[in-house]
Amino acid sequence: MRWMWIDRFVEFVSGERAVAIKNVSIAEEPLDGYAPGIAVMPNSLIVEGLAQTGGLLVGEAKRFEERVVLAKLGKAVFHQPAVAGDTLTYTAIVEDIQDDGAIVRAESRIGDQPQADVELFFAHLDERFPGKELFNPEDFLMMLRVFSLYEVGRKPDGSPLDIPERYLEAERLAGQR
């Protein structure tokens with residue numbers, strides 16, 4: 001993915017909750033021209049960061065076997081802007097997960113202050129939407145490693161998350177090229 005709107009996970013409990021960090025930087029291209037003279041992060045990108053946090057949480061619940069996409073933004077309330085120098089803490093909590101999708105409640109905070117509250121609806125794409133995977137498997141695993149998902153990730157019983165074998169195999173094959 002070209003644009004990632006999270007920097008790393010600091011907490012991840014499979015199928016339940018994820019906490020990610022996003023450092024807002026003036027060096028990011030979208031901040032440069034969005035509001036000239038004010039280095040503010042667009043609210044749409046904050047929603048995208050929250051959706052990436054929640055989407056990875058939903059996808060990992062089934063070991064990334066299904067294609068998960070953001071289907072709907074149910075609500076979005078913004079309490080304050082995020083500007084260059086702020087660190088956003090994104091928290092996503094699975095409210096409900098079914099075979100066809102999931103509901104995630106998410107919030108963004110700057111320090112101990114609320115920044116945004118959103119409700120996200122995710123869809124699982126099934127055989128009605130044929131096609132290949134959304135991401136190249138070895139690139140996807142590299143992204144998950146950069147985000148520290150498997151360093152901080154835990155199953156609900158507290159044991160560490162394990163990397164799905166198909167991603168490890170894709171990584172091995174890519175290393176042989």
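Starting from 1, each residue takes its place in the sequence as its number.
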| task | Could you list the residues that satisfy ring pair (Phe, Tyr, Trp, His ring centres under 6.0 Å) with F122, not counting sequence neighbours? | result | none
| note | Taking every heavy atom of V68 against every heavy atom of H124, the minimum-distance pair comes out as CG2-CD2, 3.4 Å
| query | Is the closest side-chain heavy-atom distance between R154 and P160 below 4.5 Å? | reply | yes
| Pairing residues for F12 by the ring pair (Phe, Tyr, Trp, His ring centres under 6.0 Å) criterion, not counting sequence neighbours | F9
| remark: In this structure, CZ of F64 is separated from OH of Y167 (nearest 0.5 Å) by 6.5 Å
| request: Would you indicate whether the side-chain heavy atoms of D96 and F121 approach each other to under 4.5 Å? | output: no
| field | Considering all heavy atoms, the nearest P81-I110 contact | value | O-CD1, 3.6 Å
| said: According to a hydrophobic-cluster definition based on side-chain heavy atoms being under 4.5 Å apart (Ile, Leu, Val, Met, Phe, Trp, Tyr only), do L70 and L56 belong together? | reply: yes
| message | Testing the basics here: between P156 and S14, what is the closest heavy-atom pair and its distance to 0.1 Å? | response | CG-O, 3.5 Å
| request: Sequence neighbours left out, what passes side chain to side chain donor-acceptor pair (under 3.5 Å) with E16? Give chain and number order. | output: none
Donor-acceptor contacts, no H, no angles, side chain residues 141-151, under 3.5 Å, sequence neighbours left out:
{"unit_1": "R145", "atom_1": "NE", "unit_2": "E171", "atom_2": "OE2", "d": "3.1"}
{"unit_1": "R145", "atom_1": "NH2", "unit_2": "E171", "atom_2": "OE1", "d": "2.9"}
{"unit_1": "R145", "atom_1": "NH2", "unit_2": "E171", "atom_2": "OE2", "d": "3.3"}

| query | Do you know the tightest heavy-atom contact between A82 and L88? | reply | CB-CD2, 3.8 Å
Could you go through residues 111-120 and list every donor-acceptor pair under 3.5 Å that involves a side-chain atom there, pairing it with any protein atom two or more places apart or in another chain?
{"unit_1": "Q115", "atom_1": "OE1", "unit_2": "S108", "atom_2": "OG", "d": "3.0"}
{"unit_1": "Q115", "atom_1": "NE2", "unit_2": "Q80", "atom_2": "O", "d": "2.8"}
{"unit_1": "D117", "atom_1": "OD2", "unit_2": "H79", "atom_2": "NE2", "d": "2.6"}

| Rounded distance [0.5 Å steps], CG in L57 versus CD1 in I97 | 7.5 Å
| Pair R172 + E169, salt bridge at N-O below 4.0 Å | yes
| field | Inter-residue atom distance N43.CG - F78.CZ, 0.5 Å rounding | value | 4.0 Å
| said: Do V83 and I21 land in one hydrophobic cluster if side-chain heavy atoms of ILVMFWY residues count as linked below 4.5 Å? | reply: no
| message | If we ignore hydrogens and angles and just use 3.5 Å, is the side chain of D157 paired with the main-chain N or O of S159 as donor and acceptor? | response | yes
| message | Using the rule that Ile, Leu, Val, Met, Phe, Trp and Tyr join whenever any side-chain heavy atoms are under 4.5 Å apart, tell me whether F135 and L168 fall into a single cluster. | response | yes
| query | Same cluster for L161 and V19 if Ile/Leu/Val/Met/Phe/Trp/Tyr side chains link at under 4.5 Å? | reply | no
| Out of curiosity, does V24 fall in the hydrophobic cluster containing L45 (side-chain heavy atoms, cut-off under 4.5 Å, transitive links)? | yes
| request: Check whether any side-chain heavy atom of M41 sits under 4.5 Å from a side-chain heavy atom of I46, and report yes or no. | output: yes
| field | Min side-chain heavy-atom separation K22-D7 under 4.5 Å | value | yes
| remark: By side-chain contact (heavy atoms from CB on, under 4.5 Å), Q176 pairs with (sequence neighbours left out) L173
| said: D139: which residues meet the side chain to side chain donor-acceptor pair (under 3.5 Å) condition with it, sequence neighbours left out? | reply: none
| said: Could you work out, with side chain to side chain donor-acceptor pair (under 3.5 Å) as the rule, every residue matching T89, not counting sequence neighbours? | reply: none
| query | Can you name the side-chain contact (heavy atoms from CB on, under 4.5 Å) partners of D99, sequence neighbours left out? | reply | K62
| task | Taking all non-hydrogen atoms of both residues into account, name the closest pair between A84 and S25 and its distance. | result | CB-C, 4.3 Å
| said: Quick check: closest heavy atoms across Q52 and I6, and the distance to 0.1 Å? | reply: OE1-N, 3.8 Å
| message | Run the side chain to side chain donor-acceptor pair (under 3.5 Å) test against R17 and tell me which residues pass, sequence neighbours left out. | response | E11
| task | List in chain and number order the residues that pass side-chain contact (heavy atoms from CB on, under 4.5 Å) with S44, two or more places apart in sequence or in another chain; answer none if no residue qualifies. | result | P42
| said: Applying side-chain contact (heavy atoms from CB on, under 4.5 Å), can you list everything that pairs with E138, at least two apart in sequence or on another chain? | reply: N136, A170, A174, R177
| field | Validation row: E66, V58 side chains within 4.5 angstrom (heavy atoms) | value | no
| Are any of the side-chain heavy atoms of R166 and R63 separated by less than 4.5 Å? | no
| query | Do V104 and I93 have side-chain heavy atoms sitting under 4.5 Å apart? | reply | no
